[in-house]
Structure formats: C-alpha cells, structure tokens
Amino acid sequence: MSLDIQSIRKDFPILEQKVYGKPYAYFDNAATALRPLQVLDAMSKIYYQFNGNPHRGAHYMSNQTTLAYEHVRDQVHAFINAPLREEIIFTRGATESINLVAYSFGDAFINEGDEIIVSEMEHHANIVPWQLLVQRKKAVLKVLPITDRGELMLEKLDELITSKTKLIAICLVSNVLGTVNPVKEIIEKAHARNVRVLIDATQSIQHLKTDVQQLDCDFLVFSGHKMYGPTGVGCLYGKKELLDAMPPFMAGGEMIDKVSFKGTTFNELPYKFEAGTPNFTEVVGLGAAIDYINNLGLDKVAGYEHELLEYTTSKLKEIDGMRIIGEARNKTSVISFLVGKIHPYDIGMFLDKMGFAVRTGHHCAEPLMDWYGIPGTVRVSLAVYNTFDEADRLVEAIKKTIQMLS
Ligand code: PLP
C-alpha cells in the first residue's frame, strides 16, 4: 500500500499554521525536520509521568527512565543493524559524535605525519574537527575532489591513500548536493589498505535504510532532529574493538567505574562515552521518531521522496536561467539551485514572505561553495510530508520572485 500523505501531514501540527497569512510549506528539512505528535507525546509523557536520573537512582521513577532510555538503545541497534547494542553511544548530535571520534580516536591513533581524508562536499561538522585534530597532532588533512555534477572522483582515492592514511571521514549524502556517495566501495578500498572509515549519515538516515554491518563502516554518526526526532540528541555507532581501545571523551559521572584521588577507572561501553546526566527525554523522543519511520516504512518513504525529487527538479528546470547545483546520478531529497545572477538570499526572502521555508546561503559547506565559485545556493530539501501540490506552488512562487526581481 502506498503512503497516505494527507494523513501523515495531520501528524505534524506545524503544517496547519499559516505564515504571513499564507499556507505554510516547509522545504528546509535538511536543516531540521518537523516533529510528529507521536514524538511530542512520547517526550511530554516523560516530563509528565516519569522523572528520575537513568542508571543512578534505586527508586521507581529512575528505573522507569532507565528502561525507556535503554529501550531506545535497542531500537537504534536494530534500526542501523549494529552487531552489538553497546556499540551505540548517545550524544547531543552528529557534531558531537564526530568531535568524540576526532578527540578520542585522534588521541589514541593519530600521530605526527598521519593523514586523514575528507571529501570536498563535507559539512563543516565533518571538516573542522579534523582540522583541529591535525593541528594538535601535526598530521595532514587531504581532500577527495568532486566532479562538476557533484559526484566524488573515486578514482583519485587510490592515489590519496598512502601508508600514512589512518581515517577517511565522508558523508553518505551531501546536505547541499543531495549526492548519495558510494560509501560501500570507499570502505572496501579503505579497509584493503588498513584505513578506518567514519560515515556521516546525518542526511541519509531519514531517507535510506542504514545497515552498518552491510557497509562494514568503523564509525557512523547522525542527529535525531533531521529524522523527525528532537534536537539535542544523536548517535555514534563504533566498532566495539575501536571504542574499547579509545580513551574517554568527556569525563564526569556515569562514565567511571571507580574514582579515587589515586586514580580513576572507567565504565564499560557504552557508558564510558556517556558522561553526566543523559538527555533521556530527547533519547525517548528519538525512539518515538524511529517507531514513526518504521511504521511508515523507510522503503516507501524513499520511493515517495524520490518521485517528488524528480518531479520538483524537472519543474524547476523549466524556469529560465535555472542552474541546479549538484546533478549526481544517484541523489536524494535535496535540490540546490541558483537563478541567473539573482542572489540566493533575495530568492529566499521573497519565498519566505509567500509562506515557503527554504534555506539560502553556504549550508555550512563553504569549501564546496568555493569549489563551485558561488556565494551560496537556494536549497529545497524534502521530507515525507511534502506534496506535489506544494512543489507546484513553490515553482510558481519562484517564477513570481524572478519577475519581481528582474
Ligand atoms: N553532517 C551533515 C551532512 C549535516 O547536514 C549536518 C547538519 O546539517 C551535520 C553533519 C551536523 O548536524 P548537527 O548540527 O545536527 O550536529
């Protein structure tokens, strides 16, 4: 059975609002998606009915939050098909997950002269932590180039990897181009040369099935708020042998085994990497988001979003002066574009006044903008609640904007 988009839309109360008196069309899902009632309800249930610090108290409420929190670990474990539940670490988001690896793996395994490879199309969150790491360790950051279409130049990877390469950190889907990268092939090439791979799944986890065993990645990161979950929660998956060998990232309560002034020993996985009171309410919200996606069926979501992507792209291409940035053969849910010489901010501002939320600017990917030699783009990013009718109205609004600006 196909998805009933109108009934899905009823789960997202924000969509019922008007903005400047206009029906609201939300096309900024790559920045942050909307949250369904199911997620909001699960979180308010925690605030209304349970309160207790997970893992700490011996009392009823604390046990309830512990059960709820650890249940979500099982859900993530199944959702990404991780081999072991203790390989799932809760963080505040993808950015924190990448920083955890950059500090902790970096501390243990990166030495002077070692090399780390990222791609030209990475989000700043998958560039800057590595820049800081190479500064700390006197290591080297290398960049895998892309083609005009916005695809990785995979053939260059063999030259880039040397005996000094320790890690490749790469996105599965680009937040600007929508390109779906052939990460399985990259991981195979990397492992053949003894190089570890971190996959930034922040823009893929909500659109495509994730299977860390099939990918055989060493690390994988994502954020809850891009997959219909709350802000302030994300995950790091890491292979146990690596996480075991890595030192703690943040220190404090819960991550310890025994503390004394003579020295401290650390808790086992996953708690070694979860210092302090966990954001258990947000974690429970993430669990509800996973249930929500599973109930829809990620395959159906992907199929629907793909049709909508193709449709919207073809309609946009009918506009005079339209330049799509990123025309990879394998794409999902993101369309970046420029029209003639019009500045992307101007288009975004006019669209906003007409009730359309799009993103404009460099999308936290300044090196990619420099590569294309552009100041930024207008970005339309899709989610399961977007409709073909919204896409038609968006295209008409863009045409009107161009007329007004010309
Ligand atoms: N990686 C990619 C590809 C992203 O698109 C983003 C956010 O847009 C991030 C990482 C960082 O995510 P967060 O800000 O939720 O930590």
Side-chain angles (χ1 to χ4, degrees), residues 26-35 39 76 80 89-103 116 118-132 143-144 146 150 152 167-181 183 186 197-208 210 217 219-237 249-250 279 282-283 285-286 289 305 325-326 328 330-336 357-369 371 376-383:
Y26 188 74
F27 283 110
D28 195 16
N29 297 288
T32 192
L34 304 177
R35 282 146 273 284
V39 168
V76 177
I80 64 170
I89 315 288
F90 290 123
T91 63
R92 285 185 301 121
T95 301
E96 185 176 298
S97 302
I98 297 171
N99 276 277
L100 190 165
V101 177
Y103 276 92
I116 295 166
V118 296
S119 88
E120 195 89 53
M121 66 170 84
E122 298 309 313
H123 186 281
H124 296 164
N126 200 25
I127 298 174
V128 186
W130 309 116
Q131 286 180 321
L132 294 181
V143 183
L144 180 62
I146 61 169
L152 294 174
L167 182 79
I168 298 174
I170 199 136
C171 61
L172 210 158
V173 169
S174 156
N175 67 313
V176 180
L177 308 169
T179 309
V180 181
N181 286 322
V183 291
I186 293 173
V197 183
L198 177 142
I199 298 298
D200 177 358
T202 313
Q203 295 294 348
S204 61
I205 192 93
Q206 65 283 49
H207 302 300
L208 308 168
T210 307
C217 52
F219 301 103
L220 182 131
V221 307
F222 61 92
S223 288
H225 68 105
K226 314 239 192 213
M227 53 183 293
Y228 313 113
T231 51
V233 62
C235 289
L236 165 67
Y237 156 79
F249 170 46
M250 295 219 256
N279 44 354
E282 287 73 19
V283 167
L286 175 66
E305 289 177 341
I325 309 291
N330 194 0
K331 268 189 83 165
T332 184
S333 301
V334 176
I335 314 164
S336 272
V358 297
R359 178 85 180 261
T360 60
H362 55 60
H363 315 296
C364 296
E366 288 194 69
L368 183 62
M369 298 298 123
W371 189 87
T377 73
V378 182
R379 183 182 71 185
V380 172
S381 52
L382 308 173

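Everything numeric here is computed off the predicted structure, so don't read it as measured data. Remember, it's 1-based here, ligands and their atoms both numbered in the order they're listed.
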Engineer: Starting from atom 4 (C) of ligand 1, locate the nearest protein heavy atom and write down its residue, its atom name and how far away it is, to 0.1 Å.
Structural biologist: H123 CD2, 3.3 Å
Engineer: May I ask you to list the atoms of ligand 1 that are less than 4.0 angstrom from any heavy atom of S223?
Structural biologist: 12 (O), 13 (P), 15 (O), 16 (O)
Engineer: Using a 3.5 Å distance criterion without hydrogens, assess whether the side chain of S119 forms a donor-acceptor pair with backbone atoms of L144.
Structural biologist: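 No; zero donor-acceptor contacts below 3.5 Å.
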Engineer: Can you tell me which portion of C171 lies within the under-4.0 Å heavy-atom range of ligand 1? Options are side chain, backbone, both, or neither.
Structural biologist: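 The answer is neither; C171 stays 4.0 Å or more away.
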Engineer: Under 3.5 Å, is there a donor on one side chain and an acceptor on the other for S174 and T179?
Structural biologist: no
Engineer: Measuring from non-hydrogen atoms of K226 to any atom of ligand 1, is the shortest distance under 4.0 Å?
Structural biologist: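 Heavy atoms of K226 do come under 4.0 Å of ligand 1.
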Engineer: Ignoring hydrogens, what is the shortest heavy-atom contact between Y26 and D28? Give both atom names and the distance.
Structural biologist: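 Nearest pair, atom of Y26 first, then D28: OH-O, 3.2 Å.
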Engineer: Hey, is E122 touching ligand 1 through its side chain, its backbone, both or neither, going by heavy atoms under 4.0 Å?
Structural biologist: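 For E122, no heavy atom sits under 4.0 Å from ligand 1.
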Engineer: To the nearest 0.5 Å, what is the distance between OG (S381) and CD (E305)?
Structural biologist: 10.0 Å
Engineer: To check your reading of the model: name the closest protein heavy atom to atom 5 (O) of ligand 1, its residue, and the distance in Å.
Structural biologist: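 For this ligand atom, the closest protein heavy atom is Q203 NE2, 2.7 Å.
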Engineer: Does D200 come within less than 4.0 angstrom of ligand 1, counting non-hydrogen atoms of the residue?
Structural biologist: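 Contact check D200 vs ligand 1: positive.
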Engineer: Which residue in the set N99, L220, V221, I98 passes side-chain contact (heavy atoms from CB on, under 4.5 Å) when paired with L236?
Structural biologist: V221
Engineer: Using modelled atom types only, decide if a donor and an acceptor are shared between the side chain of R92 and the backbone of V233 within a distance under 3.5 Å.
Structural biologist: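 Checked: no pair found.
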Engineer: Under 4.0 Å from a heavy atom of N175: give me the atoms of ligand 1 that qualify, with their elements.
Structural biologist: 5 (O)
Engineer: Looking at ligand 1, does any of its N/O atoms fall within less than 3.5 Å of an N/O of E96?
Structural biologist: no
Engineer: Got a donor-acceptor contact below 3.5 angstrom from the H123 side chain to the A125 backbone?
Structural biologist: yes
Engineer: Which bit of T95 gets closer than 4.0 Å to ligand 1, counting heavy atoms only: side chain, backbone, both or neither?
Structural biologist: both
Engineer: If you round to the nearest 0.5 Å, how far is CG of N175 from OG of S336?
Structural biologist: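 Here the rounded value is 8.0 Å.
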Engineer: Do any heavy atoms of H363 fall under 4.0 Å from ligand 1?
Structural biologist: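 No, H363 has no heavy atom closer than 4.0 Å to ligand 1.
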